[in-house]
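Here the structure comes first, spelled out in structure tokens, and everything after it is commentary.
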Amino acid sequence: MKTLWSPGGSVDRRMLDYTVGNDRVVDAELLRWDVLGSLGHVEGLRAAKILGPTDHRRIRSGLRAALRAVEAGKLRIGPEHEDAHSAVETWLTARIGQAGERLHTGRSRNDQVACDVRLLAKARLLDLHGLALELADGCLAFASKHRRTLWPGYTHLRRAMPSSAGLWAGALAEGLVDTAETVWSLWAQVDRSPLGSAAGYGVPLALDREATARALGFAGVEHSVGATQNGRGKLEAALLFWCVQLGHDLSRLATDVVLLSGEEFGLLELPSRFATGSSIMPQKKNPDVFELTRARVAALEGDLATVLAIRAKLTSGYHRDFQLLKEPLLRGLASTGAMLAMMGAVVPSLEVNRKRARALVSGGVLATDQALSLVDQGKPFRSAYREVAAALAAGVPMPALSTDEILARRRSTGAVGNLDLAEPRRRVRAERARNTRERRRFERAMARLAGRRR
């Protein structure tokens, strides 16, 4: 088998199969981005006058045809290819001849795959960020609907103080927004072009790296040519860590729903269309989508651990170990998207057993309210605390409180009686606006490269 890296002779097929691994499968997701990255590369070669106008036009036209072929499913990675890079270059050269052999000028597969991954990552980050905001919106809508639906708050999984379904959902929404807002520090790392760094030491050509970066819609270049390979695994880990943070938000949501929808709690009710049954027990209504979300988060943590382990203790420069970074990254990004989409579909369909929820806001749950009512009458808090504790120990019931009374006593910002959902909604709008700006910038660059001007 002929490879892009073998100047001649033959290689042992067993060695080739071992080193290629499942790259042909994994790289299918990178194929489109490899063509777009190549289109940006030839723009940089033209700007540096390394490519003449004729070869530039032929290669650009050929790559745009390759992009259409990828989108139509006609350009695929076959058994005769090592990876996405060889599939594209082979396809191009077969159609435009010797000009296609100029495509790899000033480039290594090392900075090429780094570029592919960053382009894919930018697209996926924007999608995941948008899905997180949609789920936050769904939680805020649930919070608004249930702002007066009281139920117990829990600490140590024991009833603590009055809370509400609205406070629960609003807190989950703000947690999602907190994570969504952190994407922009990660975006700054992804939004730098690695092209021109080659295998980590640049090339003896006067490349115009800035022109390449502009063509690809990057904010700038990764300055040191050595930083790109040293950063392999570090960037993938950062991407997956952000996904894990989102995953932990989802896992908390999922675990809460599994618990609170169980018969012993009976606070949440699962919609039938999002619950599963049992093959033997006719009464079962199982929260499988939530349980599998927790499990997927655990698998996502495993993907992060894999990336961290691969990159650990390596010296500077390129190592073939980096090839195995792609699969856990792509799997983790896809899994995060699936979880966000699923939770976004289910949350608006959740219902609350209002009668059960309100009945549980009684007895010891109201002990703190009683202690603070004594404080209002002038007693020191510690004295009031001991008095209420003694009353509870003696079996004295706590005075009942109406919903209005409970809410009125909790009017500080963000409390049960003053959720102030306008503030998290404002943050969601601000995040969505930035997402839209960055998406337009990115998609305009990709459209220009593809010859589909916007």
Side-chain angles (χ1 to χ4, degrees), residues 138-176 248-271 285 287 290-291 294 343 346-376 381 384-421 424:
C139 289
L140 289 172
F142 185 97
S144 181
K145 178 181 177 181
H146 293 289
R147 63 173 68 235
R148 290 179 57 84
T149 304
L150 297 180
W151 68 20
Y154 292 84
T155 65
H156 310 278
L157 278 180
R158 271 65 173 172
R159 291 181 215 166
M161 295 175 67
S163 182
S164 71
L167 179 64
W168 170 74
L172 291 171
E174 288 201 42
L176 284 162
H248 285 181
D249 293 329
L250 300 178
S251 186
R252 179 174 286 108
L253 164 61
T255 300
D256 283 352
V257 173
V258 170
L259 187 71
L260 298 179
S261 63
E263 291 87 349
E264 283 72 16
F265 280 80
L267 296 174
L268 288 173
E269 296 176 353
L270 297 177
K285 191 176 181 182
F290 296 98
E291 292 171 329
R294 289 188 310 200
M343 292 299 98
V346 177
V347 164
S349 301
L350 291 174
E351 293 294 342
V352 180
N353 184 331
R354 294 172 186 261
K355 183 177 179 181
R356 168 72 172 165
R358 187 62 183 86
L360 293 178
V361 185
S362 60
V365 173
L366 298 175
T368 304
D369 285 76
Q370 177 60 13
L372 292 177
S373 70
L374 296 177
V375 169
D376 286 341
F381 173 74
Y385 177 99
R386 286 193 291 266
E387 181 177 329
V388 171
L392 286 168
V396 177
M398 293 294 99
L401 295 172
S402 69
T403 296
D404 285 340
E405 287 175 316
I406 290 171
L407 294 176
R409 289 183 174 191
R410 292 163 169 82
R411 299 298 298 169
S412 57
T413 301
V416 176
N418 181 21
L419 297 183
D420 188 18
L421 299 178

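Nothing fancy with the numbering, it's 1 onward along the sequence.
In this structure, the side chains of F142 and V352 come closer than 4.5 Å at one or more pairs of heavy atoms. Looking only at side-chain heavy atoms (C-beta outward), V416 and P162 stay at 4.5 Å or farther from each other. L250 places none of its side-chain heavy atoms less than 4.5 Å from the side chain of F290. Contact annotation: the side chain of R409 never approaches that of L372 to less than 4.5 Å [non-hydrogen atoms, C-beta and beyond]. Proximity of P271 to L350: side-chain heavy atoms (C-beta onward) are separated by under 4.5 Å at one or more points. At a threshold of 4.5 Å between non-hydrogen side-chain atoms, the residues R356 and L267 count as touching. Side-chain contact between L176 and L253 is absent, with no heavy-atom pair separated by less than 4.5 Å. Here the side chains of L268 and N353 are not in contact, with every heavy-atom distance at 4.5 Å or above.
Between the side chain of T255 and the backbone N or O of S251, at least one donor-acceptor pair lies under 3.5 Å. At least one donor-acceptor pair closer than 3.5 Å links the side chain of S402 to the backbone N or O of E405.
Distance check, rounded to the nearest 0.5 Å: CG of L419 to OG1 of T413 gives 11.0 Å. Here the OG atom belonging to S362 is positioned 11.5 Å from the CG atom belonging to L150, to the nearest 0.5 angstrom. To the nearest 0.5 Å, the span separating CG on L172 from SG on C139 amounts to 5.5 Å. Rounded to the nearest 0.5 Å, atoms CG (D420) and CZ (R147) are 9.0 Å apart. Note that CG of D249 is 12.0 Å distant from CD of E174, once rounded to the nearest 0.5 Å. Note: R148 CZ to D404 CG = 4.5 Å, rounded to the nearest 0.5 Å.
Within a 6.0 Å radius of OH in Y385, no more than 12 heavy atoms belonging to other residues, nucleotides or ligands are found. Heavy atoms from other residues, nucleotides or ligands lying under 6.0 Å from CZ of R354 number more than 12.
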*Audit row: R358, T403, side-chain hydrogen bond (donor to acceptor under 3.5 Å, both in side chains) steps and yes/no*: CA-CA 9 Å; R358 187 62 183 86; T403 296; 3.0 Å; yes
*After noting the C-alpha distance and the side-chain angles of L401 and V361, does the key distance pass the side chain to side chain contact (heavy atoms under 4.5 Å, CB included) rule?*
CA-CA 9 Å; L401 295 172; V361 185; over 6 Å; no
*Show your working on side chain to side chain contact (heavy atoms under 4.5 Å, CB included) between E387 and Q370 and close with a plain yes or no.*
CA-CA 10 Å; E387 181 177 329; Q370 177 60 13; 5.9 Å; no
_Between V346 and V257, is the side chain to side chain contact (heavy atoms under 4.5 Å, CB included) condition met? List the steps._
CA-CA 11 Å; V346 177; V257 173; over 6 Å; no
*Could you please spell out the steps behind the side chain to side chain contact (heavy atoms under 4.5 Å, CB included) verdict for L392 and M398?*
CA-CA 8 Å; L392 286 168; M398 293 294 99; 3.8 Å; yes
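Shown here for L366 and P399, the closest heavy-atom pair between the two residues is CD1-O, 3.6 Å. The two residues A367 and V388 have their closest heavy-atom pair at O-CG1, 3.7 Å. V365 and P152 get closest at one heavy-atom pair: CG2-CB, 4.4 Å.
Look at K145 and E351 and you find a salt bridge, because one of the NZ, NE, NH1 or NH2 atoms lies within 4.0 Å of a carboxylate O, short of that distance.
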